[in-house]
Amino acid sequence: MSYAAFKLMHCPTGIENCDSGYITHSAADFPTQIPPIHSDDLDPEWPAAKRGIGPIPNLIVTAANVLEVYIVRAQEEDGRTARPPGDAPRSRVLAGVAGASFELACHYRLHGNVETMAVLSAGGDDGCRRRDSIVLAFQDAKIVVLEYDDSLHGLRTSSMHCFEGPEWHYLKRGRESFSQGPLIKVDPQGRCGGVLVYGLQMIILKASQAGYGLVGDDEASGSGGTISVRFESSYIISLRDLEMNHVKDFTFVHGYIEPVMVILNERELTWAGRISWKRDTCMVSAFSISTTLKQHPLIWSAPNLPHDAYKLLAVPSPIGGVLIICANTIHYHSQSASCALGLNNYASSTEGSQEMPRSNLNVELDAANATWLSHDVAMFSTKTGELLLLTLVYDGRAVQRLELSKSKASVLTSAITTIGNSFFFLGSRLGDSLLVQYSCGVATTMSSGHGKDEATEIEGDAPLAKRLRRASSDALQDVAGGEELSLYTSAPNNSESAQKTFSFAVRDSLINIGPLKDFSYGLRINADLNATGIAKQSNYELVCCSGHGKNGALCVLQQSIRPELITEVELPGCKGIWTVYHKSSRGHSADSSRITSEDDEYHAYLIISLESRTMVLETADLLGEVTETVDYYVKGSTIAAGNLFGRRRVVQVFARGARILDGSYMTQDLSFGASNSESSSSSESSTVSSVSIADPYVLLRMSDGTVQLLVGDPSTCTVSVNVPTVFENSAESISSCTLYHDKGPEPWLRKASTDAWLSNGIAEAIDGGDGSLHDQVDKFMSGKTHLVENCIREPFKDTRKFKKNMAEDMPSQIMKESGQNMKVIELSMQRWSGQFSRPFLFGILTDGTMLCYHAYLYEGQESTTKVEETNSADLSTISTSRLRNLRFVRVSMDTFTREEPSAVTQSQRITIFKNVGGYQGLFLSGSRPAWFMVCRERLRVHPQLCDGSIVAFTILHNVNCNHGLIYVTSQGFLKICQLPSASSYDNYWPVEKIPLRGTPHQVTYYSEKNLYPLIVSVPVVKPLNQVLSSLVDQEVSHQIEHDNLGSDDLHRTYTVDEFEVRILEPEKSGGPWETRATIPMQSSENALTVRMVTLFNTTTKENETLLAIGTAYVQGEDVAARGRVLLFSIGKNPDNPQNLVSEVYSKELKGAISALASLQGHLLVASGPKIILHKWTGSELNGVAFYDAPPLHVVSLNIVKNFILLGDIHKSIYFLSWKEQGAQLSLLAKDFGTLNCYATEFLIDGTTLSLVVSDDQKNIQIFYYAPKMLESWKGQKLLPRAEFHVGAHITKFFRLQMLPTNSDRTSAAPVSDKTNRYALLFGTLDGSIGCIAPLDELTFRRLQTLQRKLVDAVPHVCGLNPKAFRQFRSNGKAHRPGPDNIVDCELLCHYAMLPLEEQLDIGHQIGTTRAQILSNLNDLSLGTSFL
């Protein structure tokens, strides 16, 4: 029996729902978010600009089971943002805003896929103090309301409503499967919400009115002075009792005293083929919802709407009413007026009504998304990605007519929302999602001055490095496409009234790699072919087909970073490396030295610390050694080096002392530890063991556990040694400490408390040397989710709070040793640049665990007592009050692999970098090196496997290496590198997108020439008569029946997909990929599969590698299905690129050729309802065996040795074998159930072979073949081994050999059994990537017990049950539950986030240890780090 683990390695990125609301702040807080203006007050156009943008709400997005809340930060246009001179020119200013970007407020992975989402608004005006809540709905009928809690800096569940289970069974009325999940809509005033579940049950959720009015405005009420809206009660309306059958959509309309719900339903179903008999079957009805009386009288209704109506859009006040969106028409209905607009030739008015006005555009609106840009202009995003503007021409409240105008083209959207009054967000599953700023008005002087030539400048909103990274994103291509979404758009109305123009500017984008239809696994360009072990894994990358239509792209994904090497030298025995700046103070006045920006200054020296000496190199054009000529300490190894006094001096710290240097000249020499003369000769005097530098202080931790502080004096550029008073009499041994220098546009900790200015002034804190602080943090180590500083002296009952005293300018964190020999061995606190950025705090424990916290401010209830304390002269009370509001929230890092603790004394492993290739963050050296990049206030962890263990790391910026890096490997090689600029690192994995401008379908990899053949389809517009002639069977008739085509029909066009196979080659320099060859298909021929196959040529007796393509003719249902098999040979002649591919064979077969594979030198072809095995003679294919296996259509074909696994679109899987001697294909076993299969693959664990299949209900099942078992019906039936609900459609499995891990060597099992172990990497339509990995029984049992424990031990977001989420979904079909032999790593990763005490406790309860559990999880992530 074999067991498996399910692990998600890349979260879903395809955005399905988006909405905006005031979640983290209320509309009234907004003016405080705008930073103070430093320009003079005489600026005439400033007030207008500030009024123009108004409060900006949050953006909430969901992608499958991921929920994220973003803050939109707009940068106003004034002289403040003094940009460095090297930067790109300023981006286009629109309505006083120079740019805008997202900042992540919170991110959650839920145990359930979000079906629909709505924001319950507070319903007040802009001055309202209440906040909105997020309402989420999950399958089948679960509704969860979340609100933002300032004290936790995250979301908290305020109510849960579940309508599932036996007591609600009657709601289903006997049905098991429903076409859509629960649908939520909320009243615009926030009085109630409605959820449509089980097709015809409407749940009304009543919002609580408590705390409305005066109490809501009172600052002290609630937590931190804000209340979010909540639901208090619910009741159910059965729509069947209101004579409704098929409800398509509903919404709440504006402008009534009570909430009014409008429902769109179809009384009798019809479809396009029955239009001549039955049409206009839809109707809308408006009901007034009285939540107190639970009554719902009908107010008005409108019958006879087209059958293809599918969406309602409530028109905002003051107009009111509702828009009904149909495929070919748009209708407006309110209580008093109605009008309609035809969009194309298929629009027809209902019988007996007047002729419908036509739009001068010809568009189809099925599958469109819409939002309101202003109260009378709606924006539609169509299925082709065009943006249309619909204007309501109205008089008072009566709408007279609708007008549609074309705007720009953009990404294909799945959801669209307006954010405030000047931004909208295009959320997409098929491309990158965009944040766009719009401004509306009569053509103002500003925009008319710029004119059309602005379209080239969209990238101006980012520095150059960022622009290069973004160049592949969808935003820019759309701009390059001429009429695509550009910066300047005018949409003139035909009416005389308002000449409205809209200008657009793309401000930010979120990367999406979904939907992953297929991927292949190939070598990277800069691969190192000699690598072994885990380093070998970073030679590979995934090349994925993602996107659709014009958003189609190849995504190149790499899980680990592989820097581009510039040079390398051998350098054994290196302990550490540092680069320092040298700013000469001579010949510069103070202001002229500030002109060269800090970021662009080159480094002056590279200091390399070896075991017994120190080397110094100049970092000019060439790295030349200058060790002999400088006054650096070179006789022994260096502990640390850095800059002081604004880069005018260099400080170098070694074991017994420190030197201050001006360039290469020493200005001061200090020695420590030998203060009293008699102990100077003795060897036990303490030496420096770790250093933290924060200009102008240097904090030293000595080897005996004391600390010393070097305080610098900027005027004389000298330093003095100083033991902080707090520590003089303390006997505790300090295990680690750090300095945090709070600099930036606005000091962050200074905002931590309002009385910071009133206290004793900053100067005193610096001079007194009390700048460091004592910190008894026993709790930090245990890794609580929140750290709360507490100013009241007795400890709180809540375990998450503890004492913390900090001084303002440079708090340093010190840890006291605690039990179990677990201590913090390294600390670092850093705030990266950015106006709103908040500091991160990192700590490394003795067992290699890395803890990460993000600081935030929370003003608690005791904020009234802060005035009295300022008078007291006691410094501790002042510093207590000063940092009372500082808290930390734990950041999850489940992607990070812990390193095994080593006995060697560790050097410092954390290196902060401000700019490497345009990114900022920190690098963690050691045996598992990793990059931690801070993008949008979110930590992105990317491992670096390619060089194994890394001893030292530093940044280097000089002439030859622009914002690069240097690191030293444990083998003793020093490498100077740069980050690959083509990839974008603001994603779960580094990704590079290569635009295709067409839909990619399947990709394969040809390793000998490093080529990627892939199938691409591009939509082409053709005349209708051409399309019709291709649908007629050529053999039967040769003429088209012209009689049923009118004369106008001949001029119509129709869009068909044209297929081709492109052969792409990765570009060496990391530039765009080049198309080496293109193989076009015939008209109406679709390429279905492309594979590289190895065939045995029976004439020459040699193996040939050929490119095989399987196609099908799509000619409608009247023509018998045919398909072709094509064989091509690739690249005999490298000099002549024209014939890189040459066709060697093509043959037409009956049925569609949907899958191909090579089986022991033969070609296996699935054509229609049979599979045929061919042998290759060098000129033709001859059939040798066949099997009439799949009843319908093969979707996937896998081969191991002589075993064949087939997946059928409807009839589940077949397991066949091929025997060479009798030349026969025989069925071994099959799954007798019906299953709509998506992908299949073999799972190999040692000698055990299992069969994995994924289906249309987002499950996976693992089967095995056991003819000796009684229940297998003498081997005819495949038996289930495990089943699991993934929650996403898996489209492709890929089998990869797992890496042997350390613990395998120690275990008693023979090693040979574990080497032949393969995991399955899979991609899904949501843009997530994961793997199924086999486990041995002992590990499985341990992790399964832990999993059962964690279901109760962890508080789950939204209160969702992980066990229920992972149950097999059969959607109403009969299914016998199979064994539960897969553990869920999505749940197990919560174990590492628990506090240390709870981890030990749970480990003890399940009869194992924390170290054992973490080691198992670590081995699993190591064994599956394939990229």
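The basis for the numbers below is simple: all heavy atoms, side chains too, and nothing from hydrogens, waters or symmetry mates. Just so you know, residue 1 is the first one in the sequence shown, and it goes up from there.
- Of the possible donor and acceptor atoms, one in the side chain of Asp249 sits under 3.5 Å from a partner among the backbone N and O of Leu312.
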message = Run Ile1213 and Leu1235 through side-chain contact (heavy atoms from CB on, under 4.5 Å) and show every step you take.
response = CA-CA 8 Å; Ile1213 57 173; Leu1235 190 72; 5.8 Å; no
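- Here the options are Leu1181, Val1125, Leu1095, Val1184, the test is side chain to side chain contact (heavy atoms under 4.5 Å, CB included), and the partner is His1174; only Leu1181 passes.
- The aromatic rings of Tyr1005 and Tyr1012 sit tilted, their planes meeting at an angle between 30° and 60°.
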query = Step by step, would you call Asp518 with Lys1292 a salt bridge (Lys or Arg N to Asp or Glu O under 4.0 Å)?
reply = CA-CA 6 Å; Asp518 189 27; Lys1292 160 96 172 189; 3.4 Å; yes
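- Thr270 places no side-chain N or O within donor-acceptor distance of the main-chain N or O of Arg279, the cut-off being under 3.5 Å.
- One distance of note links CE of Met1092 with CG of Leu1107; it measures 5.5 Å at 0.5 Å rounding.
- A 6.0 Å sphere centred on NZ of Lys1211 holds no more than 12 heavy atoms belonging to other residues, nucleotides or ligands.
- Within 6.0 Å of atom NZ in Lys383, more than 12 heavy atoms from other residues, nucleotides or ligands are found, so the atom counts as buried in its surroundings.
- Asp1326 places no side-chain N or O within donor-acceptor distance of the main-chain N or O of Gly14, the cut-off being under 3.5 Å.
- Shortest non-hydrogen contact noted between Asn512 and Ser428 is ND2-O, 3.5 Å.
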key: Ser1129 and Glu1104: CA distance, side-chain angles, deciding distance, side-chain contact (heavy atoms from CB on, under 4.5 Å) verdict   = CA-CA 9 Å; Ser1129 71; Glu1104 294 182 19; over 6 Å; no
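- Of the candidates Glu1085, Arg1122, Gln1082, Glu1148, Thr1111 forms a side-chain hydrogen bond (donor to acceptor under 3.5 Å, both in side chains) with just one, namely Glu1085.
- With a 6.0 Å radius and a threshold of 12 heavy atoms from other residues, nucleotides or ligands, His548 has its NE2 atom at or below the threshold.
- A donor-acceptor distance shorter than 3.5 angstrom exists from the side chain of Lys550 to the backbone of Ser410, with no hydrogens or angles considered.
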request  = Begin from the C-alpha positions of Ile1153 and Leu1088 and carry the test side-chain contact (heavy atoms from CB on, under 4.5 Å) through to its verdict.
outcome  = CA-CA 7 Å; Ile1153 314 291; Leu1088 298 182; 5.8 Å; no
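- Counting only distance, with no hydrogens or angles, the side chain of Ser381 and the backbone of Asn369 share no donor-acceptor pair below 3.5 Å.
- There is no side-chain donor-acceptor pair under 3.5 Å between Ser1158 and Thr1094.
- Contact record, Asn551 with Leu412: OD1-N, 2.9 Å, taken as the closest heavy-atom pair.
- The neighbour count for Tyr1145 OH, taken as heavy atoms of other residues, nucleotides or ligands under 6.0 Å away, is above 12.
- In this structure a side-chain-to-backbone donor-acceptor pair under 3.5 Å is present from Arg429 to Leu1325.
- Between Leu426 and Met379, the shortest heavy-atom contact is CD2-CE, 4.4 Å.
- Using a distance-only test at 3.5 Å, with no hydrogens or angles considered, a donor-acceptor pair links the side chain of Tyr310 to the main chain of Ala368.
- More than 12 heavy atoms of other residues, nucleotides or ligands lie within 6.0 Å of NZ in Lys278, so this atom counts as buried by the packing criterion.
- Closest of all the heavy-atom pairs between Leu1014 and Leu554 is CD1-CD2, 3.8 Å.
- With hydrogens and angles ignored, the 3.5 Å screen pairs no side-chain donor or acceptor of Asp1255 with any backbone N or O of Cys1237.
- In terms of modelled atom types and a separation under 3.5 Å, the side chain of Thr1055 and the main chain of Val1021 share no donor-acceptor contact.
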inquiry  = Applying side-chain contact (heavy atoms from CB on, under 4.5 Å) to Ser1084 and Val1056, what does each step give before you reach the verdict?
reply    = CA-CA 8 Å; Ser1084 69; Val1056 286; over 6 Å; no
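- No side-chain donor-acceptor contact under 3.5 Å links Ser1254 to the backbone of His1289.
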